[in-house]
Student: 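Can you keep this structure in mind? I'll have questions shortly.
Computed from a prediction, not measured in an experiment: that's the story for all the values here. Throughout, protein chains are lettered first and strands after them, A, B, ... in sequence-line order, and every chain is numbered starting at 1. Only heavy atoms go into these numbers, but all of them, side chains included; no hydrogens, no water, no symmetry mates.
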There are 2 protein chains.
Amino acid sequence: MAEIKSLLQANNLKNTGQRRKILKTLYNEDKPLSAKELFFKLKKDNPKLKLSTIYRNLNKFTEKDIVKKLNIKNEKHENLFEVKTDRHHHHLICVECGDIKELGCPLDDYLKKVAKENNYKIKDHRLTIYGICNKCK
Amino acid sequence: MAEIKSLLQANNLKNTGQRRKILKTLYNEDKPLSAKELFFKLKKDNPKLKLSTIYRNLNKFTEKDIVKKLNIKNEKHENLFEVKTDRHHHHLICVECGDIKELGCPLDDYLKKVAKENNYKIKDHRLTIYGICNKCK
DNA sequence: CTGCCTGCAAATAGTTTGCAAGTTA
DNA sequence: TAACTTGCAAACTATTTGCAGGCAG
């Protein structure tokens, strides 16, 4: 909790109840969430909460690099977000049940090769693997 | 042209003018296009063309595996589509000018490892690399 | 007190859909 | 002719925005 407060302070963001709850929820989840999923979770405690508040904060957090907006959508076409961790990783997603696992990144050498061969300065990359998990097989 | 006709026939799709033009345009482009980009290109020859027709056909083609819907959007948040080629590949995108290059896939061994370690049956994967191209550097 | 946040309502924009007329096989 | 396609208009839905009151610093 204290960590969240200082995280907000460090980024010049006011320490509001909504923000604390959004970050807390994202930290406690083991999988990325969409704005709406967050919304329904938090609405229980605060019926006045608006979806636009969630979006505004997720965007602000993304801007400040506290949260990462994935290029992965759930089955409702909603974008997913996760807290940004220190370790760079990718995702393995079960197309049946939607379960998401984290994967390490195997691409360090490959990215250097791509940069060299194409004369690009690499800025970012995304890898997502889809399959069927053990339970759903 | 004849190829497009038989491609449509082989998939039980009627050989209409719109379909031929959509596929022809996608084949001739060297980069993926959005529905709207296609729409504006084709609207010149046919002012009555509707965007919904493009969407309907792109979805139908995707369903039939003639076209691939990428999980990449252009700067207007429009989904991009490309014709499905025999060779599996990924994309290297310049974040400045939007240029898209094809990349081979370096992940064969890695995917086997992921499947084994996580007990998943791998179905699909997406890799996209973002950077700045030579011209934009 | 002053600027940032949030609730609220309405707009924006990509994509989809129902229906009737037109086309393909 | 029967089934599929398209034009057209309208709906749907994720996300964003303007505004006014509320709260953090």
Student: Pair A:Phe61, A:Leu8 - check side chain to side chain contact (heavy atoms under 4.5 Å, CB included), show working.
Tutor: CA-CA 9 Å; A:Phe61 293 156; A:Leu8 288 169; 3.9 Å; yes

Student: Scan residues 69-78 of chain A for pairs that pass salt bridge (charged side-chain N to carboxylate O under 4.0 Å, His left out), counting only residues two or more places apart or in two chains.
Tutor: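 Qualifying pairs, neighbours excluded: none.
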
Student: Per the side chain to side chain donor-acceptor pair (under 3.5 Å) rule, what does the pair list look like for residues 42-56 of chain B, sequence neighbours excluded?
Tutor: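 Those involving residues 42-56 of chain B do not exist here.
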
Student: Residues in salt bridge (charged side-chain N to carboxylate O under 4.0 Å, His left out) with A:Lys64, at least two apart?
Tutor: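 Result, salt bridge (charged side-chain N to carboxylate O under 4.0 Å, His left out) vs A:Lys64: none returned.
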
Student: If the condition is side-chain hydrogen bond (donor to acceptor under 3.5 Å, both in side chains), which residues does A:Lys84 pass it with, not counting sequence neighbours?
Tutor: A:Asp65

Student: Pairs in or reaching into residues 119-137 of chain A: which pass salt bridge (charged side-chain N to carboxylate O under 4.0 Å, His left out), with residues at least two apart or in two chains?
Tutor: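 Salt bridge (charged side-chain N to carboxylate O under 4.0 Å, His left out) check on residues 119-137 of chain A returns A:Asp124-A:Arg126.
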
Student: Check side chain to side chain contact (heavy atoms under 4.5 Å, CB included) between A:Phe40 and all other residues, then give those that pass, not counting sequence neighbours.
Tutor: A:Lys36

Student: Under 4.0 angstrom, heavy atoms only, what part of the nucleic acid is A:Ser52 near: base, sugar-phosphate, or nothing?
Tutor: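 If one applies the 4.0 Å heavy-atom cut-off, A:Ser52 turns out to touch a base.
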
Student: Please list each protein N or O that sits under 3.5 Å from an N or O in nucleotides 2-6 of chain C, with the distance.
Tutor:
{"residue": "C:dG3", "atom": "N2", "partner": "A:Lys14", "partner atom": "NZ", "Å": "3.3"}
{"residue": "C:dC4", "atom": "O4'", "partner": "A:Lys14", "partner atom": "NZ", "Å": "3.4"}
{"residue": "C:dC5", "atom": "OP1", "partner": "A:Lys14", "partner atom": "N", "Å": "3.1"}
{"residue": "C:dC5", "atom": "OP1", "partner": "A:Arg19", "partner atom": "NH1", "Å": "2.5"}
{"residue": "C:dC5", "atom": "OP1", "partner": "A:Arg19", "partner atom": "NH2", "Å": "3.3"}
{"residue": "C:dC5", "atom": "OP2", "partner": "A:Arg19", "partner atom": "NH2", "Å": "3.4"}
{"residue": "C:dC5", "atom": "O5'", "partner": "A:Arg19", "partner atom": "NH1", "Å": "2.9"}
{"residue": "C:dC5", "atom": "O5'", "partner": "A:Arg19", "partner atom": "NH2", "Å": "3.1"}
{"residue": "C:dT6", "atom": "OP1", "partner": "A:Thr16", "partner atom": "OG1", "Å": "2.6"}
{"residue": "C:dT6", "atom": "OP2", "partner": "A:Asn57", "partner atom": "OD1", "Å": "3.3"}
{"residue": "C:dT6", "atom": "OP2", "partner": "A:Asn57", "partner atom": "ND2", "Å": "3.0"}

Student: Can you pull the salt bridge (charged side-chain N to carboxylate O under 4.0 Å, His left out) pairs that have at least one residue in residues 104-116 of chain B, sequence neighbours excluded?
Tutor: none

Student: Could you list the donor-acceptor pairs under 3.5 angstrom formed by side chains in residues 90-100 of chain B, with sequence neighbours left out?
Tutor:
{"residue": "B:His90", "atom": "ND1", "partner": "B:Leu127", "partner atom": "N", "Å": "3.4"}
{"residue": "B:His90", "atom": "NE2", "partner": "B:His88", "partner atom": "NE2", "Å": "3.4"}
{"residue": "B:His90", "atom": "NE2", "partner": "B:His125", "partner atom": "NE2", "Å": "3.2"}
{"residue": "B:His91", "atom": "NE2", "partner": "B:Glu82", "partner atom": "OE1", "Å": "3.0"}

Student: Who are the salt bridge (charged side-chain N to carboxylate O under 4.0 Å, His left out) partners of A:Glu63, not counting sequence neighbours?
Tutor: none

Student: So for the helix from C:dC1-D:dG25 to C:dA25-D:dT1, with five pairs setting each end axis, what is the inter-axis angle to 10°?
Tutor: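 The end axes of the helix from C:dC1-D:dG25 to C:dA25-D:dT1 are about 40° apart, to the nearest 10°.
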
Student: Counting only non-hydrogen atoms, which of residues 70-78 of chain B are less than 4.0 Å from DNA chain C?
Tutor: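 Correct list: B:Lys76, B:His77, B:Glu78.
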
